[in-house]
Chemist: 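Dropping a structure here in structure tokens format, bear with me for questions.
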Amino acid sequence: MKRRDFIKSGLAAGAALGLAPTLAESWVPVHSWGGYDFGSGPKVTDRLYQGPFGVYAPDDFHGGWCFQTTMPGKQQINCMGMGMITYISGDYGAPVNEGKTLEKAIDDLFKFPLGTKMYIRPNWRHIQKVQGRLDFDDYWKITMDKSVEYGKRVGIRVMLNCPDILENALPEFVLDKVPLDKLKGEWKGDPSQPRFQHEHLQPRYNEYLMGYFEEMQNLLADKYNGGPEIELVDTQHFGLWGEGHAWPYDGHNFPTRKDAEDTLIRLYDIQNKAWSKVPLCTNIQPDFSRVGQSAVIDKTIRDGNWLRRDSILVQNECIDGLSNRPAWVANFCEGAMSRGNGDDFPVDENGNSRGDVTIAHVKDLKANYYSLWTFHAINADNLWKYYKKFPDALDDLNSCIGFRVRPSWIWKSSDGEGHENVILGMVNDGIAGVPGVLRLTIYSEDGTVNVGGCLDAGYPHPKGIREAMITLPKGVSVENGNLKLKAEIEVKGVRYPVPFAADNVNPDGSLNLQRNIVD
């Protein structure tokens with residue numbers, strides 16, 4: 001048997017068995033994601049009984065009669081783990097809008113109604129000037145203040161290398177101790193653009209860089225880990241934009257591939273330790289530079305963190321991973337919209353804009369997040385120009401992005417010993433699974449009733465019904481008229497409220513438990 005055929009047959013067998021890499025081996029070979037064993041997902045505490053629910057003897061344990069139903073709601077949902085993300089900065093730093101102050105430009109972006117989250121991608125030098133402390137540029141400080149004001153959390157990435165600026169992304173105190181290396185190859189393009197005007201030197205990941213990087217991550221986490229401002233943190237490491245690749249340049253600047261893999265895993269571990277209460281989001285970038293990106297992706301999933309992808313109309317390897325990811329892993333899809341320059345609205349032969357084509361494929365990938373990003377022309381006016389010309393695709397995505405959970409059926413039964421069981425038929429009208437663990441609680445305003453527990457990680461899925469049972473205290477009836485049901489999502493040990501995507505919910509997203517089905 002030829003070596004290539006042997007490798008292919010071995011990988012196929014491993015994928016069929018759901019085999020995962022051993023801990024001693026960091027390299028993770030390309031594999032099919034469907035059925036692959038990534039473990040059981042985030043830990044579930046207070047697990048609710050989720051079936052089977054027999055109705056007739058001899059299995060007459062939990063069956064009951066439906067006393068309440070809900071219908072899908074059309075409201076916008078703003079909760080942890082999903083949403084349209086309005087970009088404040090991409091690669092150039094602070095937005096520059098003629099005729100607007102910086103604060104006005106950022107405030108207008110926060111006010112764009114489709115965005116429920118924000119995103120900021122500063123270079124390292126924008127947040128730290130000297131060792132030992134953080135010194136944020138104004139656009140960072142304004143963004144974080146308005147995050148709390150508007151109730152829109154922020155995703156962040158601090159770039160160690162940015163090809164779209166001429167200055168180096170690293171602070172001067174880091175550059176004083178860290179050599180820069182030129183890789184083989186060149187990047188040809190429009191010489192008027194910054195990315196085609198320099199050699200994209202890569203920093204050497206010596207102990208100085210690793211130490212400074214760990215200090216920076218810890219300083220950020222000390223200020224924001226578990227706070228109200230931060231939604232997610234992009235994993236930052238080797239290469240252009242810190243995405244784990246140096247395309248189109250060949251290779252890397254590590255002594256060996258093993259050194260590269262060990263370094264990327266160390267960088268990931270530093271970030272995962274620092275951001276103990278915030279999900280990391282790793283780019284599902286193919287390992288073009290052979291630096292161990294596949295190992296970082298694998299660890300990301302096993303640690304209960306998330307995935308992202310830039311430019312989704314590309315490699316099929318990425319599409320397989322995102323579309324077959326575990327249900328409890330969020331997917332952040334980034335795709336640039338039109339820059340809104342009037343004539344920058346290309347359409348295909350069927351009249352579909354490039355942005356609308358991208359959005360359709362974002363839906364196919366069952367995304368939790370999508371970028372509201374006009375590339376290198378970030379401006380709320382440009383968002384409005386595009387939206388007014390092509391509203392349908394964005395409105396459609398806004399109505400289904402992420403997870404939209406509700407109890408479609410609510411049954412009640414009795415255990416024969418004075419306790420009522422409430423059985424919830426949970427559905428998900430969104431396109432993505434729940435990126436964490438969904439907790440359901442039945443409670444009363446006076447605090448006398450407060451019972452509940454969790455579904456299995458990732459449930460309810462967009463397809464199917466997930467039934468779960470909550471037993472009420474003895475003597476309490478679900479039809480008393482004073483009980484409510486609420487939902488929360490647990491991500492890395494932190495709970496966040498989840499509004500039900502149903503009609504007739506309360507202002508806080510909870511649901512009154514009351515009969516609306518007549519026997």
Side-chain angles (χ1 to χ4, degrees), residues 41-51 67-83 116-117 151 153 228 231 279 304 327-328 330 368-369 399-412 421-445 447 449-472 478 482-514 516:
K43 182 180 179 181
V44 177
T45 58
D46 303 326
R47 183 185 185 272
L48 294 174
Y49 178 73
Q50 292 163 61
F67 77 93
Q68 185 174 357
T69 62
T70 66
M71 293 290 287
K74 300 183 183 299
Q75 67 270 43
Q76 185 182 61
I77 300 295
N78 181 8
C79 69
M80 178 65 172
M82 59 171 286
T116 59
K117 306 291 160 57
R153 285 190 294 270
E231 175 90 356
W328 34 268
N368 294 78
Y369 299 96
S399 71
C400 65
I401 193 168
F403 59 99
R404 299 176 61 88
V405 298
R406 62 185 172 91
S408 185
W409 288 268
I410 304 176
W411 298 273
K412 73 166 187 174
N421 297 318
V422 178
I423 302 172
L424 304 167
M426 298 300 301
V427 300
N428 182 348
D429 297 317
I431 56 176
V434 176
V437 174
L438 191 72
R439 174 174 288 272
L440 300 169
T441 302
I442 295 176
Y443 68 101
S444 59
E445 293 286 1
V449 177
N450 193 312
V451 290
C454 295
L455 302 185
D456 292 333
Y459 284 93
H461 295 172
K463 179 181 179 180
I465 313 296
R466 191 65 167 184
E467 296 184 13
M469 185 176 73
I470 298 176
T471 299
L472 298 178
V478 72
N482 65 338
L483 298 183
K484 296 182 178 181
L485 176 71
K486 69 178 181 179
E488 299 165 288
I489 185 174
E490 294 187 0
V491 179
K492 295 185 86 166
V494 181
R495 295 182 189 176
Y496 305 87
V498 173
F500 287 123
D503 60 358
N504 296 323
V505 296
N506 298 312
D508 64 357
S510 66
L511 178 72
N512 294 327
L513 295 178
Q514 54 193 17
N516 62 9

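These numbers come from a predicted model, not from an experiment. Count residues from 1 along the sequence.
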Chemist: How would you list, by chain and number, every residue that makes a side-chain contact (heavy atoms from CB on, under 4.5 Å) with Pro460, sequence neighbours excluded?
Modeler: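 Result, side-chain contact (heavy atoms from CB on, under 4.5 Å) vs Pro460: Val405, Met426, Asn428, Val434, Leu438, Leu455, Arg466.
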Chemist: Do Pro279 and Met80 have side-chain heavy atoms sitting under 4.5 Å apart?
Modeler: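 A side-chain contact exists here, since the closest heavy-atom pair is under 4.5 Å.
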Chemist: Backbone N or O of Gly425 within a donor-acceptor pair of the Ser408 side chain at under 3.5 Å?
Modeler: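 Looks like no, no N/O pair under 3.5 Å.
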Chemist: Between CE of Met469 and CG of Asn421, what distance do you get to the nearest 0.5 Å?
Modeler: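 CG of Asn421 is found 4.5 Å from CE of Met469.
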Chemist: Considering residues at least two apart in sequence or located in another chain, which fulfil the salt bridge (Lys or Arg N to Asp or Glu O under 4.0 Å) criterion with Lys484?
Modeler: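 Per chain and number, Lys484 pairs via salt bridge (Lys or Arg N to Asp or Glu O under 4.0 Å) with Glu445.
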Chemist: Can a donor-acceptor pair be found, under 3.5 Å and without considering hydrogens, that links the side chain of Ser444 to the backbone of Asn482?
Modeler: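 Flag not set: sc Ser444 to bb Asn482 has no pair under 3.5 Å.
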Chemist: Considering the options Arg406, Lys74, Arg404, which one meets the salt bridge (Lys or Arg N to Asp or Glu O under 4.0 Å) requirement together with Asp429?
Modeler: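 The passing option is Arg406.
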Chemist: If only atom types and distance count, is the side chain of Glu231 paired as donor or acceptor with the main-chain N or O of Gly81 below 3.5 Å?
Modeler: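 Checking the backbone N and O of Gly81 against the side chain of Glu231, a donor-acceptor pair under 3.5 Å is found.
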Chemist: Which atom names give the shortest non-hydrogen contact between Cys454 and Val437, and what distance separates them?
Modeler: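 Closest approach of Cys454 to Val437, heavy atoms only: CB-CG1, 3.5 Å.
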Chemist: Just verifying a value: how many Å separate Leu424 CG and Gln50 CD, rounded to the nearest 0.5 Å?
Modeler: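 These two atoms lie 10.5 Å from each other.
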Chemist: Show me the side-chain donor-acceptor pairs of residues 488-497 shorter than 3.5 Å, one per line, residues at least two apart or across chains.
Modeler:
from	atom 1	to	atom 2	distance (Å)
Glu490	OE2	Arg439	NE	2.8
Glu490	OE2	Arg439	NH2	3.3
Glu490	OE2	Arg495	NE	3.0
Lys492	NZ	Asn272	OD1	3.2
Lys492	NZ	Trp275	O	2.9
Lys492	NZ	Val278	O	3.0
Lys492	NZ	Asn305	OD1	3.1

Chemist: About how many Å separate CG of Leu513 and CD1 of Ile470, when rounded to the nearest 0.5 Å?
Modeler: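 CG of Leu513 is found 8.5 Å from CD1 of Ile470.
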Chemist: My understanding is that only residues two or more places apart in sequence, or in another chain, count here; which of them pass side-chain hydrogen bond (donor to acceptor under 3.5 Å, both in side chains) with Ser399?
Modeler: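 Partners of Ser399 under the side-chain hydrogen bond (donor to acceptor under 3.5 Å, both in side chains) test: none.
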Chemist: Drop me the distance from Asn506's CG to Lys486's NZ, to the nearest 0.5 angstrom.
Modeler: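 Reported value, rounded in 0.5 Å steps: 12.5 Å.
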Chemist: Looking at every non-hydrogen atom in both residues, tell me the closest pair between Thr471 and Val451 and how far apart they are.
Modeler: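 Of all heavy-atom pairs spanning Thr471 and Val451, the closest is O-CG2, 3.9 Å.
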Chemist: Write down the atom of Ile401, the atom of Met82, and the distance for their closest heavy-atom approach.
Modeler: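 Shortest heavy-atom separation between Ile401 and Met82 comes out as O-CE, 3.1 Å.
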Chemist: Could I get the full list of side-chain contact (heavy atoms from CB on, under 4.5 Å) partners for Asn504, not counting sequence neighbours?
Modeler: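 With sequence neighbours excluded, Asn504 shows a side-chain contact (heavy atoms from CB on, under 4.5 Å) to no residue whatsoever.
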Chemist: State whether the side chain of Gln75 and the backbone N or O of Ala502 hold a donor-acceptor pair below 3.5 Å, judged by distance alone.
Modeler: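 Side chain of Gln75 to backbone of Ala502: a pair is present.
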Chemist: Starting from the C-alpha separation in whole Å, work towards a yes-or-no answer on side chain to side chain contact (heavy atoms under 4.5 Å, CB included) for Trp409 and Ile465.
Modeler: CA-CA 9 Å; Trp409 288 268; Ile465 313 296; 3.5 Å; yes
Chemist: Who pairs with Tyr459 by ring pair (Phe, Tyr, Trp, His ring centres under 6.0 Å), at least two apart in sequence or on another chain?
Modeler: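 Listed in chain order: His461.
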Chemist: Would you confirm whether Asp508, through its side chain, and Ser510, through its main-chain N or O, come within 3.5 Å as a donor-acceptor pair?
Modeler: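 Indeed, once roles are kept as given, a pair shorter than 3.5 Å links the two residues.
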Chemist: Taking the side chain as everything from C-beta on, heavy atoms only, tell me whether Phe403 gets closer than 4.5 Å to Val498.
Modeler: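 Yes - at least one pair of side-chain heavy atoms lies under 4.5 Å apart.
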Chemist: In Å and rounded to the nearest 0.5 Å, what is the CZ to CD1 distance from Phe67 to Ile410?
Modeler: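 Reported value, rounded in 0.5 Å steps: 5.5 Å.
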Chemist: Closest heavy-atom contact between Ala330 and Tyr369?
Modeler: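 What the structure gives for the nearest pair is CB-CE1, 4.3 Å.
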Chemist: Looking at CD of Gln514 and CG of Leu483, how far apart are the two atoms once the value is rounded to the nearest 0.5 Å?
Modeler: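 So the gap between those two atoms works out to 11.0 Å.
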Chemist: Would you name the heavy atoms of Phe500 and Leu485 that are closest together and state the gap between them?
Modeler: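 It is CE1-O, 3.2 Å.
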Chemist: Where do Gly83 and Thr116 come nearest, in terms of heavy atoms and distance?
Modeler: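 Closest heavy-atom pair between Gly83 and Thr116: CA-OG1, 3.5 Å.
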